[in-house]
Every structure is written in structure tokens, then in C-alpha cells.
Enquirer: 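The following block contains the structure, expressed as C-alpha cells.
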Amino acid sequence: MESLYQPAGVEQRWQRTWEEEGLYAAGAGRRRGETYVIAVPPPNVTGELHMGHALNGAIQDVLIRWHRMQGFDTLWQPGYDHAGIATQNVVEKQLAVEGLSRHEIGRERFVERTWEWLEQTGRTILGQFRRLGASLDYSRERFTMDPEYVRAVMTFFVRLWEHGWIYRDNRIVNWCPFHQTAISDLEVVHEEMDDTLYRVRYPFADGDGAIAVATVRPATILADVAVAVHPEDERYREAIGREVVVPYVERHVPVIADERVDPSFGTGALKITPGHDPTDFEIGRAHGLPEPMAIGPDGRMNENAGDLEGLSQDEAGERVLAWLRERDQLEAREPYRHSVGTCERCHSRIEPLISLQWWCRMEGPARPAIAALRERRVRYHPESQHRFAIQSLEEAPDWCISRQLWWGHQLPIWYTPDGEPVCALTEAEAQAQAGAGVELTRDPDVLDTWFSSALWPFATLGWPADAPEVARYYPGNVNSTAREIIRLWENRMIWSGLELLGDVPFTDVIIHSTVLAPDGRRMSKSLGTGIDPMEPIEQHGADATRYGLLKISSTQDVRFSIGAIEEGRKLANKLWNVARLILQNAERVTPAVSPRRLEERWILARIDAARGEAEECWGRFDFAAATSVLYHVTFDDFCDWYAEAIKPRLYDRDVDAVATALAALERLITLLHPVLPHVTEEIWSHLPNRRDRLIVSPWLEPDDRFAADSEALVRAQEAAQIFRRSGVRVELEGDERRIFDAVVRPERTKANGNVEAELERLRGEVARARRMLDNEGFVANAPAHVVEAEREKLARYLRELEALGGADAA
RNA sequence: GGGCGGUUAGCUCAGCUGGUAGAGCGCCUGCCUUACACGCAGGUGGCCGCAGGUUCGAGUCCUGCACCGCCCACCA
């Protein structure tokens with residue numbers, strides 16, 4: 001055994017062994033009936049591991065390993081999401097390099113290309129999860145495009161259809177001009193942009209005066225259908241009901257009143273363009289206005305733009321502005337910084353436009369999900385996210401589920417020659433519904449990626465087939481994910497599970513911390529602030545990286561800190577070395593829990609207490625607090641006190657001491673295994689007479705044989721500290737004396753404090769304790785145990801003062 | 001504009017139902033001790049963001065303010 005623990009080789013060896021021996025598989029280590037199930041948030045097939053994945057992987061793996069050791073039938077379900085728009089984006093970019101577009105090669109060939117690409121370069125992330133030591137059941141890898149999974153998606157759609165929750169409507173949507181598809185509000189990211197705000201005069205049709213409006217997009221003037229003002233706005237009271245002339249197109253449109261207009265913005269008058277603005281669309285619908293569009297799906301001016309047809313919006317805007325300037329209708333222009341919606345994948349500016357899409361109503365599905373959350377059948381951790389989840393379900397707008405993409409699940413909708421939609425699981429069934437001989441055409445659209453993700457907890461188990469896994473592993477226990485995913489995924493899994501299986505898919509949702517860059521900014525590729533988790537894994541080991549990420553995960557947003565990972569590496573190294581100390585002296589000795597001496601009972605009790613504390617932390621999903629418990633029991637208690645105290649007997653090959661030390665070590669690494677699986681398994685493999693792997697070995701049961709008679713040990717520790725600080729020996733007897741002598745080696749301890757300084761310190765403590773005890777309010781009101789503790793402290797300080805010969809102060 | 005979170009040692013962060021401030025790193029001092037120098041022992045270091053309030057007692061509870069961050073949002 002090397003004196004410096006080298007994680008790289010050890011970790012990869014164990015990762016291979018565990019997987020090959022089937023110890024990652026569901027049911028490995030099972031010794032009881034209950035199941036414990038987590039479905040991993042399926043990463044995009046195109047994705048690579050980022051810090052959030054690594055933290056989330058560590059969190060879930062701790063829970064899974066902890067429960068596996070407790071004998072649960074654990075299933076940690078892995079797999080990939082086909083990630084419709086993200087994947088299509090990647091393949092389209094590749095085609096672009098070859099000078100091709102998807103339209104040139106056609107849909108069929110494009111889908112083939114995508115599959116080919118996935119076979120070659122996709123699916124890298126589960127390899128990275130393996131390197132983290134994540135004990136997913138890789139033999140059960142699923143993909144949202146697997147044939148069985150597709151069947152689940154179709155079944156889901158048909159069920160929603162039968163409820164009447166799916167409808168088709170012409171509404172304003174977020175249109176990505178690059179991808180040529182509608183995207184949901186949740187796929188739009190807002191970015192700050194510098195624009196110009198123009199103030200444009202619209203003359204009244206009767207020639208008497210004008211009304212000014214503000215706009216950043218002059219090209220949309222062509223599609224104006226009204227000017228709106230706030231009903232209470234005194235300035236425009238007279239204008240309501242009159243007509244104005246829209247510039248350039250010289251169309252007469254009404255001035256209307258609507259409360260959605262903010263009188264304090266710009267001129268207080270808003271031009272209404274229902275075709276190209278969501279607010280205007282709402283106002284237009286409320287007032288029964290027409291909905292013309294002047295901009296097409298490609299982002300350029302369309303056939304309604306007259307002589308501007310075919311121009312870009314910027315060019316068209318310039319022409320309109322020139323027209324306005326000629327007629328002196330351009331009142332002002334000013335720089336204007338505001339946030340603009342962009343496509344989260346390609347960052348193209350979103351075109352709001354009206355388009356015919358499929359929608360899913362939300363009132364029906366949301367109702368039981370809201371009830372389940374209110375009844376705490378699903379709990380969010382931290383609690384603050386619970387209200388947010390409920391609120392977002394209550395306010396959920398209808399879900400636009402169709403996408404004009406090629407990569408994804410094509411809608412199970414066919415049209416008759418009359419344009420009547422027929423919904424069915426398969427083409428054959430659709431044909432049967434429509435009647436023989438009726439020619440059907442399938443809707444070309446695909447479903448929003450999240451439509452299939454919503455089924456992840458049970459489609460991966462084989463639903464809608466009558467699979468035994470569904471009965472056994474549904475519902476699961478925990479889902480752990482990032483905050484921004486609550487509305488996209490968590491809520492939808494909850495309502496789909498209730499709808500299709502009559503039960504929530506899990507009982508606890510962990511919303512883990514967001515790992516920020518060390519400077520506090522968001523980690524992102526475009527900002528150059530991203531840190532690849534594989535770097536610390538290579539450099540310090542997976543155990544250390546897991547430990548470090550868990551340690552910093554206490555608050556909502558945490559800064560990445562390499563220091564925390566280094567601490568994890570030190571812990572692994574420490575563990576490794578204390579194991580060497582014991583094992584080097586343990587030839588042919590069998591571990592045996594036979595504590596005779598104080599320090600032996602003490603350490604076994606300490607490990608047991610730490611077990612309780614760590615379990616309590618994990619039980620409430622406080623992984624940061626648990627790491628602290630593990631660190632201190634290892635360093636402070638096991639290494640600095642217990643190992644030092646038994647060293648002399650270890651060197652003497654005292655069989656009792658060695659056997660107990662082996663047993664204590666065994667218990668310590670069992671406790672640490674969920675967080676540091678590799679180094680603990682490696683040490684375990686060196687313990688004598690080991691048959692099972694640690695990963696499937698029984699978890700620690702509470703053991704009250706070890707009376708926590710720690711008083712004497714604490715006194716020895718205090719005496720050691722005084723001696724090391726001041727060189728003064730406190731009187732000790734029995735166990736206290738023996739432990740002190742074993743741990744403190746006077747010949748190597750140079751006191752660098754001095755008696756005077758120590759007396760000074762103790763006098764201060766005595767004064768402070770007396771001040772408190774003299775406070776009548778404190779003695780009368782504070783809880784009895786607090787007062788009692790203060791009395792004991794005072795007594796101890798006085799004792800120590802006396803030992804140091806400074807009793808005069810008392 | 002809304003929601004959530006943060007502000008404590010030089011840095012990164014703990015501090016549960018109020019009891020008189022802790023950890024890791026860094027720094028200083030002494031140690032190459034038959035597990036570990038990625039180590040051991042000891043130490044330095046804090047008007048706990050600001051201002052009020054409740055209380056015998058406030059980092060902790062209440063009110064207000066100021067910054068910072070994340071998420072969300074249709075102000076043209």
C-alpha cells in the first residue's frame with residue numbers, strides 16, 4: 001500500500017468491477033422488501049457533464065448507496081432525452097458545414113443522419129457519470145426515442161385527446177426564425193439588447209391633430225390595426241373612438257381603450273399589432289380586431305407588406321422611417337436598452353407571430369397535481385420551492401405542444417382530405433376510424449421534447465405495457481433536479497403520473513443548489529466561466545469531487561470552490577493512511593468488536609453517533625451538513641484521538657487492540673461509503689476475511705453496547721491541550737493518564753504558549769462565566785440545562801486554574 | 001415588475017426551536033514523530049451589511065433600508 005492515495009487507477013478499477021459484477025443493478029444487495037427508486041433526470045443525448053450534473057449525480061448516488069446498503073431494492077434509472085430542438089440544432093450545424101440544409105436532404109434522410117450521429121458521438125454523458133462513480137443501473141439505459149417509449153408517448157397523447165384537452169388553434173407563439181418552429185415560453189431566454197425607441201405620429205383621419213406612439217420595431221407598423229390608450233388617461237379621453245391613419249400603409253384604424261396599456265410608458269398610447277406582439281394579440285382578441293401579419297416565418301416581410309415584401313425587418317424599418325421623416329411624422333428617436341426574447345438554442349431574436357399549433361389545456365391536468373402538492377403527497381426540498389411549484393401549476397398557461405421540427409415524436413394525428421384531424425395510436429387505427437379508402441395525411445409536426453420527458457418515471461419501466469417493473473418500482477421515491485426545471489419537468493411528471501397511473505411518481509423533490517463560477521457569475525460556456533467537472537475528477541479523484549460538491553451545496557446558489565474538493569482529497573488520503581496504520585499491524589487478525597478500553601468504547605460510540613447525525617442530515621437532504629459530520633469523525637475522533645491512543649498497543653501487536661481497531665475501521669468506512677465509495681471499497685478489500693463488496697454490505701445498525709462514557713476522555717483531551725499550550729501537566733489518573741501518555745509525547749511537545757498567558761485566558765473565562773451567573777435575569781429565565789452547563793464550565797475553569805497554580809484568582 | 005436566496009474571520013461557508021460566535025483553506029510558531037509533510041501540535045484573526053424594535057440576553061425573532069445573486073416576467 002502506497003503512502004499517498006492515488007485515486008485515478010483505484011477509482012476506475014472499482015467502477016468497472018462494480019458494474020461487471022452486477023452490483024449497480026436494481027436489487028443488488030437487496031435484503032428487504034421495500035424499494036427505493038430514483039429516475040435520473042435524463043440528460044440530452046448531445047450533452048456533456050456539467051457541474052450541475054456532477055452535483056446532482058453525487059446527491060442521488062449518496063441516497064442510492066445509502067439505501068442499497070440498508071438492504072432496499074434500489075433502482076437508479078439511467079437514460080437519455082432525445083432533446084428535439086437541441087439535437088436537431090447540432091445536426092443542422094453539421095450539415096451547414098457540408099453546405100447542406102435539412103430541406104435539401106429531406107426529412108427521412110435527416111432523421112437517419114441524426115441517428116447516425118447519435119451512434120457515433122452522442123451518449124457520452126453516462127460514461128462521465130460512470131467516472132463519477134454514480135451507481136446507476138446502466139443495464140437498463142433507456143432513450144426517449146426507444147420504440148417502447150414512443151408507444152408510451154403516443155398513448156399519453158391519445159389519452160389527453162380523449163379527455164378533450166388537446167386542441168388546435170391559431171394563436172400568437174414564440175417563433176424561432178432560425179429553427180422555423182414555434183417554441184414554448186419556457187424555451188425563450190430574455191437578453192438585454194440596445195435598440196432605438198421611435199416616437200411616431202399617427203394623424204387623425206379627420207385631419208385634426210395626431211396621436212404619438214412609441215415603437216422599437218417600425219416595420220411592424222404595416223400590420224397595425226388600432227391605437228390603444230388607457231381608459232382613465234385624461235390626455236386621450238377625446239381620442240377614444242376616433243380613427244387614425246397608420247403611416248406608410250395609410251389605413252384607417254380606431255383608437256381604442258384598454259387597461260393593459262401603461263399610461264406612464266412612452267406617450268401612453270400603444271399601437272396595436274396583434275400579429276406580432278403578445279400583448280397586442282390579447283388586446284386585439286378582446287376587441288375583436290383583425291390579425292394581419294406583415295412578417296413571415298422566415299423573419300422577412302411577407303406578401304402583406306406590399307412593396308416591402310421580401311425585405312428584412314431592418315430594411316423595411318428603414319423605409320418606413322424614411323417615409324415618416326419625409327412627412328415629419330417621426331417625432332423623436334432615443335437609445336433604448338431592454339430585454340428581448342431569444343431562442344435558448346440559437347439565440348435568434350424571437351418573432352412573435354400567429355400560427356396554427358396544437359395546445360394542451362392545463363386546468364384539467366393541473367387540478368389533481370395541485371391537490372397532491374397541497375396534501376404533501378409530494379414535498380419539495382427546500383420548502384420554499386413548494387409554494388412556487390403550486391403557484392406555477394395554478395398559473396400554467398395552455399401548453400403549446402407542437403413543434404415544426406423533424407427530430408422527435410411525430411404527432412399521432414392524421415388528416416382526412418377535408419382536413420378533419422383523426423387521433424389514434426397507429427396509422428392503422430386512424431385508418432379504421434376514418435373508414436377504409438379515406439386517404440390520410442399525417443401531421444408533420446413533432447411534440448415538444450418535454451412532452452415525452454413527462455413520462456420518464458414510468459415509461460422507462462415499460463409502461464404502457466403491463467410490465468412487472470411498473471408494479472414493483474412505481475411510484476418511486478425521489479427526484480432531484482435544478483430549479484429552472486420545476487415547470488418544464490417536475491410539474492408535468494406529477495400530473496402525468498396522476499393521470500396515467502393514478503399516483504404521484506415520487507414523494508420528494510430535491511431542488512439542488514446552482515453551482516456558480518468562483519466569481520459568483522453563472523457558469524456558462526458563452527461567458528467562458530464554465531468549469532468541466534472532469535477536470536477535478538482527473539486531478540483529485542471522483543471521491544474528492546463528490547465530497548467537495550456536496551460540501552458546498554448548502555445554499556440556493558453556491559460558488560464553485562476547488563478548496564472543498566481538495567478537502568475531500570485530504571479526507572480520502574487520511575482514511576487511506578489510517579487504514580494502513582491498522583492493517584500493517586493486523587496480520588492474521590480477525591475484526592472483532594470487543595471494546596475493553598475507554599478509547600475503544602468511545603470511538604465506537606462516536607462512529608455510531610456520527611452515523612445517526614449523518615443519517616439525520618441525509619434524511620432531510622442536507623448533504624453539506626453530512627459531509628461535515630463525516631470529516632470530523634474521521635479526522636478529529638478517529639485519527640487524531642483514537643488512532644493515536646491505540647498506537648502503542650498496535651505496535652505491540654496487541655491482538656485485542658488490533659481486532660477492535662479493524663472493527664472500528666470497518667464501521668468507519670461503511671459510514672463513509674455513500675460519499676467516498678472508491679477509497680472505502682479499496683480499503684475494505686484489504687480487510688481480512690472479506691467476502692462481500694462494501695457497496696452491498698450491510699449498513700450500520702445502531703449499537704448501544706458502546707456506552708458513551710466519554711467524560712474521562714474529554715478530560716484527557718483538555719489536559720493535553722493545556723499541556724501543549726503551556727507545558728503544565730494537569731493531574732490525571734487511570735484511563736485519563738494512560739490515554740494522555742499515549743497521545744501526548746512530551747519529548748516532542750514544545751510548549752509554545754506560557755503559563756501566564758494560559759492563566760490570563762482562564763481568568764477571562766472565569767470572569768465571563770461569573771458575569772453570566774450573576775445576572776439574575778439569566779439564572780431566572782434561561783433553561784435549566786443552559787444555566788447548569790455554565791456552572792459546570794465555571795467549575796472546570798476553576799479546576800484548571802488550580803492545576804496551573806493560579807487559584808489565587810478564584 | 002414578481003418570486004426566491006444571500007450579506008458572519010483575508011477567502012469559501014456553517015451556525016437547529018433566542019443563551020453570549022465555528023469549520024476548511026490561508027497566515028504565524030514549533031515539529032521530516034516507525035499511517036499520512038496532501039502530515040502533526042499550538043496560535044493569530046470577527047462593531048455577525050446598516051438603522052430601529054422585542055427580551056435579563058439577538059448572528060438567531062420583528063420592522064425599515066442598502067447592496068449582491070439566481071429564477072421568472074408581454075411595458076410598446
Side-chain angles (χ1 to χ4, degrees), chain A residues 1 3-5 172 185-186 188 190 197-198 213-217 220 228 260-262 264-273 277-282 336 338-339 341 352 382 384-385 387-388 391-392 482-484 486-487 513-514 516 518 520-522 540 551-552 554-564 566-567 569-585 622 624-625 628 631-632 635 639-640 643-644 647 650-651 720-721 724-726 744-745 747-753 757 768 771-772 775-783 785-787 789-790:
Chain A
M1 289 173 86
S3 67
L4 182 61
Y5 176 61
I172 195 146
D185 290 346
L186 303 176
V188 175
H190 288 81
L197 186 65
Y198 301 96
V213 302
T215 183
V216 290
R217 301 174 68 199
T220 64
R260 277 163 278 218
V261 179
D262 176 1
S264 66
F265 186 88
T267 63
L270 174 64
K271 71 186 203 62
I272 299 299
T273 320
D277 183 277
T279 308
D280 295 8
F281 178 80
E282 274 183 36
Y336 183 57
H338 64 147
S339 74
S384 57
Q385 300 303 325
R387 253 177 307 140
F388 173 75
Q391 194 187 330
S392 62
R483 201 159 53 247
E484 65 267 23
I486 292 175
R487 299 188 307 171
S513 312
T514 304
L516 305 174
R521 288 186 298 166
R522 190 172 171 69
H540 303 292
K551 155 142 187 168
I552 64 171
S554 54
T555 45
Q556 180 169 291
D557 305 297
V558 294
R559 296 179 183 207
F560 178 78
S561 147
I562 195 69
E566 285 164 356
E567 186 179 314
R569 185 190 56 184
K570 281 172 51 177
L571 179 59
N573 187 244
K574 191 73 177 173
L575 206 55
W576 173 251
N577 276 294
V578 81
R580 286 176 62 223
L581 167 69
I582 294 168
L583 289 166
Q584 279 170 1
N585 296 290
D622 186 347
S628 173
Y631 183 90
H632 290 291
F635 263 84
C639 296
D640 295 347
E644 292 300 332
K647 243 184 202 176
L650 241 32
Y651 293 151
Q721 202 185 19
R724 284 161 172 163
R725 208 148 51 188
S726 66
V744 180
R745 276 165 284 186
E747 74 279 7
R748 300 199 194 91
T749 303
K750 273 192 198 161
N752 63 343
R768 193 191 54 74
R771 217 179 307 124
M772 284 190 67
N775 179 342
E776 289 169 24
F778 171 71
V779 178
N781 299 310
H785 70 274
V786 175
V787 178
E790 207 54 46

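The figures here come from the full heavy-atom set of this structure, side chains too, leaving out hydrogens, waters and symmetry mates. Note on naming: letters A, B, ... go to the chains in the order of the sequence lines (proteins, then strands), and numbering restarts at 1 for each one.
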Enquirer: Where each residue is assigned the nucleotide of RNA chain B containing its nearest heavy atom, which of A:His632 and A:Asp557 is assigned the position nearer the 5′ end?
Expert: A:His632

Enquirer: Please determine, for the side chain of A:Asp262, which listed nucleotide (B:rC75, B:rA76, B:rC13) has the closest atom?
Expert: B:rC75

Enquirer: Under 4.0 Å, counting only non-hydrogen atoms across every strand here, what does A:Tyr198 touch: a base, just sugar-phosphate, or nothing?
Expert: nothing

Enquirer: Would you please say whether a donor-acceptor pair under 3.5 Å links the side chains of A:Thr220 and A:Lys271?
Expert: yes

Enquirer: Below 4.5 Å, heavy atoms only, C-beta onward: do A:Asn577 and A:Tyr5 meet side chain to side chain?
Expert: no

Enquirer: Looking at the base of B:rC38, is there any donor atom on it, or on the side chain of A:Arg569, that sits under 3.5 Å from an acceptor on the other one?
Expert: yes

Enquirer: Using the C1' atom on both, measure B:rU7 against B:rG49 and round to a whole Å.
Expert: 5 Å

Enquirer: B:rA76 phosphate, OP1 or OP2: any side-chain N/O from A:Tyr336 under 4.0 angstrom?
Expert: yes

Enquirer: Considering only side-chain heavy atoms of A:Pro783, which listed nucleotide, B:rA76, B:rU20, B:rG19, is closest?
Expert: B:rG19

Enquirer: Output yes when at least one side-chain N/O atom of A:Arg559 is less than 4.0 Å from OP1 or OP2 of B:rC68, else no.
Expert: no

Enquirer: Hunt down the Watson-Crick or G-U wobble partner of B:rA66, both distances under 3.5 Å, from any strand shown, or write none.
Expert: B:rU7

Enquirer: Using a strict cut-off of less than 4.0 Å between a Lys/Arg side-chain nitrogen and an Asp/Glu carboxylate oxygen, indicate whether A:Arg260 and A:Asp280 qualify as a salt bridge.
Expert: no

Enquirer: What I'd like to find out is whether the side chain of A:Tyr651 reaches to under 4.5 Å of the side chain of A:Leu581, using heavy atoms alone.
Expert: yes

Enquirer: For a quick check of understanding: with a heavy-atom distance under 4.0 Å over all strands, which category does A:Lys647 fall into, base, sugar-phosphate or nothing?
Expert: base

Enquirer: Provide, to the nearest angstrom, the distance between the NE2 atom belonging to A:His540 and the C1' atom belonging to B:rG24.
Expert: 15 Å

Enquirer: Identify which nucleotide among B:rC25, B:rC70, B:rC13 has an atom closest to any side-chain atom of A:Lys570, counting heavy atoms from C-beta outward.
Expert: B:rC25

Enquirer: Roughly how many Å apart are B:rG24 and B:rG39, using the P atom of each and rounding to a whole number?
Expert: 12 Å

Enquirer: Is A:Ile582 touching bases, backbone alone, or none of the nucleic acid, heavy atoms closer than 4.0 Å?
Expert: nothing

Enquirer: Could you tell me how far B:rC32 sits from B:rG18 if I compare only their C1' atoms? Round to whole Å.
Expert: 49 Å

Enquirer: Quantified in whole Å, what is the C1' atom distance between nucleotide B:rG46 and nucleotide B:rA23?
Expert: 14 Å

Enquirer: Hey, does A:Phe560 reach any base, or is it just sugar-phosphate, or nothing, if we go heavy atoms under 4.0 Å?
Expert: nothing

Enquirer: So, does A:Ser561 use its side chain to make a donor-acceptor pair with the main chain of A:Ala564 at under 3.5 Å?
Expert: yes

Enquirer: Is there any protein nitrogen or oxygen under 3.5 Å from a nitrogen or oxygen in nucleotides 56-59 of chain B, and what are the pairs?
Expert:
from	atom 1	to	atom 2	distance (Å)
B:rC56	O2	A:Phe778	N	3.4

Enquirer: Pick base, sugar-phosphate or nothing for A:Pro382, based on heavy-atom distances below 4.0 Å to the nucleic acid.
Expert: nothing

Enquirer: Considering only atom P, compute the distance from B:rG5 to B:rG52 and round it to an integer number of Å.
Expert: 26 Å

Enquirer: Please give the distance between the P atoms of B:rG57 and B:rU20 as a whole number of Å.
Expert: 15 Å

Enquirer: With respect to the side chain of A:Ser384, which nucleotide from B:rC36, B:rC4, B:rC74 is positioned closest?
Expert: B:rC4

Enquirer: Can you tell which of B:rC4, B:rG42, B:rU34 lies closest to the side chain of A:Arg724?
Expert: B:rG42

Enquirer: For a quick test of reading the model, state the closest non-hydrogen atom pair linking A:Arg559 to A:Ile552 and the distance between them.
Expert: O-CD1, 3.6 Å

Enquirer: What does A:Arg217 touch in the nucleic acid at a heavy-atom separation under 4.0 angstrom: a base, only the sugar-phosphate, or nothing?
Expert: nothing

Enquirer: Check every strand shown and say whether A:Ser628 touches a base, only sugar-phosphate, or nothing at a heavy-atom separation below 4.0 Å.
Expert: nothing

Enquirer: Expressed as a whole number of angstroms, how long is the span from A:Asp640:CG to B:rA41:C1'?
Expert: 10 Å

Enquirer: Salt-bridged, A:Arg768 to A:Glu790, with N to O below 4.0 Å?
Expert: yes

Enquirer: Work out how far the C1' atom of B:rC13 is from that of B:rG69, and round it to whole angstrom.
Expert: 16 Å

Enquirer: So what does A:Arg260 touch, heavy atoms closer than 4.0 Å: a base, only the sugar-phosphate, or nothing?
Expert: nothing

Enquirer: Could you check which nucleotide pairs with B:rG19 in any of the strands shown, counting Watson-Crick or G-U wobble with both distances under 3.5 Å?
Expert: B:rC56

Enquirer: Between A:Ser554 and A:Leu581, which is nearer to the 5' end of RNA chain B once each is assigned its nearest nucleotide?
Expert: A:Ser554

Enquirer: Does the pair A:Glu644/A:Lys647 count as a salt bridge with the N-to-O cut at 4.0 Å?
Expert: yes

Enquirer: Which base sits across from B:rC48 as a Watson-Crick or G-U pair, both distances under 3.5 Å?
Expert: none

Enquirer: Between B:rA35, B:rA23, B:rU12, which one does the side chain of A:Tyr651 approach most closely?
Expert: B:rA35

Enquirer: Return the value, rounded to whole Å, for the distance between atom CG of A:Asn577 and atom P of B:rA37.
Expert: 7 Å

Enquirer: Given B:rG43, B:rG6, B:rG19, which nucleotide is nearest the side-chain atoms of A:Gln721?
Expert: B:rG43

Enquirer: Would you find a donor on one side and an acceptor on the other, under 3.5 Å apart, between the side chain of A:Ser392 and the backbone of A:Arg487?
Expert: no

Enquirer: Measuring only the C1' atom in each nucleotide, how far is B:rU44 from B:rC25? A whole number of Å is fine.
Expert: 15 Å

Enquirer: Tell me the interatomic distance from A:Leu571, atom CG, to B:rG24, atom P, rounded to whole angstroms.
Expert: 12 Å

Enquirer: Keeping A:Asn781 on the side-chain end and A:Gly777 on the backbone end, is there a donor-acceptor pair under 3.5 Å?
Expert: yes

Enquirer: Considering Watson-Crick and G-U wobble pairs with both distances under 3.5 Å, what does B:rG1 pair with?
Expert: B:rC72

Enquirer: Let's test this: given Watson-Crick or G-U wobble pairing with both distances under 3.5 Å, identify the partner of B:rG39.
Expert: B:rC31

Enquirer: May I ask you to say what A:Ser392 touches in the nucleic acid, namely base, sugar-phosphate or nothing, with a heavy-atom cut-off under 4.0 Å?
Expert: nothing

Enquirer: Measure from CG on A:Asp280 to C1' on B:rC75 and round the result to the nearest Å.
Expert: 11 Å

Enquirer: State which of B:rC72, B:rC70, B:rA14 makes the closest approach to the side chain of A:Glu484.
Expert: B:rC72

Enquirer: Let's go through A:Ile172 and A:Glu282 carefully: what are the C-alpha distance in whole Å and the side-chain angles of both, what is the deciding distance for side chain to side chain contact (heavy atoms under 4.5 Å, CB included) to 0.1 Å, and is it a yes or a no?
Expert: CA-CA 9 Å; A:Ile172 195 146; A:Glu282 274 183 36; over 6 Å; no

Enquirer: Looking at A:Glu644 and B:rA35, is any side-chain donor or acceptor paired with a base atom of the opposite kind under 3.5 Å?
Expert: yes

Enquirer: Counting only side-chain heavy atoms from C-beta out, which of B:rU20, B:rC38, B:rA76 sits nearest to A:Arg768?
Expert: B:rU20

Enquirer: Output the single nucleotide from B:rU20, B:rG42, B:rG39 whose closest atom is nearest the side chain of A:Lys574.
Expert: B:rG39

